[in-house]
Every structure is written in structure tokens, then in C-alpha cells.
Amino acid sequence: MSIHDILNKTEFSKEDIVQLLKLEGEDEKSLLRHSAKIKEENIGNKVYLRGLIEMSNVCAKDCLYCGIRKSNPIDNRYSLEENEVLNAIKFAYDNRYGSVAIQSGEISSTAFTEKINNIIQGSKELSNGEIGITLSCGEQNESTYQKWFDSGAHRYLLRIESSTKELYNKIHPADENHDFEARIEALKVLKKIGYQVGTGVMIGLPFQTLEHLADDLLFMKNSDIDMCGMGPYIEHKETPLYEFKGGLLPLNERFRLTLKMIAILRIMMPDINIAATTALQTIDKIGREKAIQIGANILMPNITPGKYRDSYALYENKPCTDENADDCKSCIDVRVHLVNHEVGYGNWGDSKHYGKKQQNS
Ligand code: SAM
Ligand code: SF4
């Protein structure tokens, strides 16, 4: 089947997606042009900001790919104080970012869950209820998710990492702390509570095939997600998966594959929010802008206090680690204008997909 026949379909099969992921040259460009058009028609050219706060690199889990995994002997484990997080949120509010995203290693102690709760409440107070809050703090029990929601968090990002159980198990330790079904269940609970739910995967993992990636996109569609954050896998020396480095696609190929994944997802789910992730910027200095051009609509400028940035090293060569939030802010407009988009300042930029579901329910 020709690429144009596939692109004109209303639903993609797994085979269609694999064929699209294989595209090169002019056909690849046609795919990216098509997804850009779908985006413009459905959600326009606005880019919404989530000021990203990397709250803590302390983690109880041991994911085999992640630089801050529990068993990695890092000297500088840190947890931001409540007031440090609130200052960063104030910065986002004062600069009309509209929303923040609080990301952290996974901890489920009462001290941690209460701290997040206080931060959510504090941020609503300091912004007259105006700042939007996305959380990405891993798997928690239902009552914690509910409590955070009741306090004012309204979006949650929990990547499935891989929707194929066999692959998930290859990139996580085999113990009850890293359970594929539990992760799926957590996504269902978040949806039941009423969050706008986001998920995603890493692209270019060891052992990953195009068929796995096609299944990931179908998983997202079938789960009726509201948001997606997916990016290239970037190896970290101090992790167990590093030994499989030899079999990885070159970084530029992982980058191209990520853009194709974003483009295909945009065509499959025209009105969801899709983030242009930091890992894209690690491979290509204007990688996030390229993602915005072809389908992404969310940018997450890092507003973590500068002195902690180096310590949140999920992978190597993470960008902007020596900058303060102010430095990043000055380049946001320039970067977004570069690809003929505009920043939606002072706006939550919620998922249109979620909004439509709410209206119909
Ligand atoms: N701890 C929470 C969790 O895992 O859901 C949230 C923070 S975690 C650092 C955020 C994401 O970082 C993970 O979902 C994973 O996809 C990504 N990540 C971790 N290690 C990575 C790597 N080596 N390359 C690319 N992304 C990575
Ligand atoms: Fe912890 Fe998240 Fe890293 Fe896994 S990916 S080790 S849960 S921070």
C-alpha cells in the first residue's frame, strides 16, 4: 500500500504503523508534513508551557535504564525543600507559564506524599488557584492519587515505558516493585479519579522492535490517553542496560524514529497534548522545536533551581544543567517563533481531547 493510501485511512493497523515507522526520504517528509497539517487543523499553532521542577532524585526503584535508580551510588541525592519548590512555582506564575510539572523519583512514604500535597495546596494559594499542575511522581496508591487530585493537581504523567510486557520485564528488575500489571492498573486508577492522564515510552531501547513501537501507539489509542510524553532512550554508563549499548540505533536514528512516533500519534489522536521532551534536545539542539513543528504542542522548560540540575542525570549529556530558569526563559519565545508557533502564556493549555470527553459525559 502506498504511503498516501495509509495516510488517508481513518484507523491505522499495526502493519500500517510499522510501514510508516520505516519511511525514509521524501515519504518520511510527507508523513511529517501530514502530521503538521493535522495538528494545525485540530489544535492550531499554540505551544503551552509546563515549568518543569525536578523535585528529587531519591528513588525507591531500580529501573535498569535510569541514572538515578536506587542502586546507583550517587553522592548528591537531593530533595528540594517545600519552599524551594514553591519559589520555582512562583517564578512560573509570575512569568505566566500557566502550568508547572513536578517530577520526581518514586517515593511513597507519608513524608513524601504529604510534602507533595502541601506543595499543591501552596501553589494554588500563591497563584489564586490559577497555576495548572501536572504531576509525574510514579506509582502511588489510589488514596494518594485521590488526595493530590482533591488538592488541585489535575494532570498526571506515568509512562508505561513499553506496552509489551516481555520488553517491560527486560528493562526492569524482576520483583514486585516493578510490575507491568501494576503500572497498567495505576493508569486506570488515575483515569477513574478524573486526572488528564498521560503516558509514553522510550524510543530506541535495547531489544525494542518497530512492532513494539507500533503496539505502543495502539496502546495509547486504546487507552484513550489525554497526553503523551515520549522521547529517545539515551544510555547512561552507570546503569545495567549500558552493556547492551552496542546493539542500539545511532542517536540520530533514535531521534528520527521519535519524530515519526510523534507524527503518527498526532495523526491517530489529533487533539491530545504531546510534549516535546528534553531528551530530544539532548540529541539535537533544536530537537524540541522540530517536534513542535511536526506534531508536539507542549514544552517543558526546566525551572529547577540551577544548583540541583546536574544531580537529576537520568541519562548522559542532559541539556541546560548549568542554567538558571531565567536563562531558559529568555530563549523560549525565540525558539518557538523559529518554527512559526506562539507561546500560550498564562493558559493551562489542557488537553482538548479531555475537554471533549468531559463535555460528552
Ligand atoms: N519516577 C517517575 C517515573 O518513573 O514515572 C517519574 C520520573 S522518571 C525520571 C521520568 C521518565 O524518565 C521515565 O518515565 C523514563 O521514561 C525517563 N527516563 C529514565 N531514564 C531514561 C533514559 N536513560 N533515557 C531516556 N529517558 C529516560
Ligand atoms: Fe526511579 Fe522513575 Fe528512574 Fe525508574 S525511571 S528509577 S522510577 S526515577
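Everything quoted here is computed from the prediction, not taken from an experiment.
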Is there a side-chain contact between Pro232 and Ile283 in this structure, where contact means two heavy atoms from C-beta onward sitting under 4.5 Å apart?
yes
To the nearest 0.5 Å, what is the distance between CD1 on Ile203 and OG on Ser162?
11.0 Å
Value for CD1 (Ile225) from CG (Leu187), rounded to nearest 0.5 Å, stands at 9.0 Å
Please check if any side-chain donor atom of Ser163 sits under 3.5 Å from a side-chain acceptor atom of Asp215, or the reverse.
no
Is it the case that the side chains of Asn273 and Asp226 hold a donor-acceptor pair, with the cut-off being a distance below 3.5 Å and no angle test?
no
Donor + acceptor pair across side chains of Asp27, Ser30 (<3.5 Å)
no
Are Asp175 and His178 close enough that a side-chain donor and a side-chain acceptor fall under 3.5 Å?
yes
So, do Tyr145 and Tyr156 have ring centers that fall under 6.0 Å from each other?
yes
Aromatic Phe207 / basic Lys170 pairing, under 6.0 angstrom, 45° off normal:
yes
Is it true that Glu114 and Asn118 share a donor-acceptor pair across their side chains at a distance under 3.5 Å?
no
Using distance alone, with no hydrogens and no angle criterion, decide if Asp224 and His353 have a side-chain donor and acceptor under 3.5 Å apart.
yes
Closest non-hydrogen atoms of Ile272 and Ser351, given as atom of the first, atom of the second and distance, are CA-OG, 4.2 Å
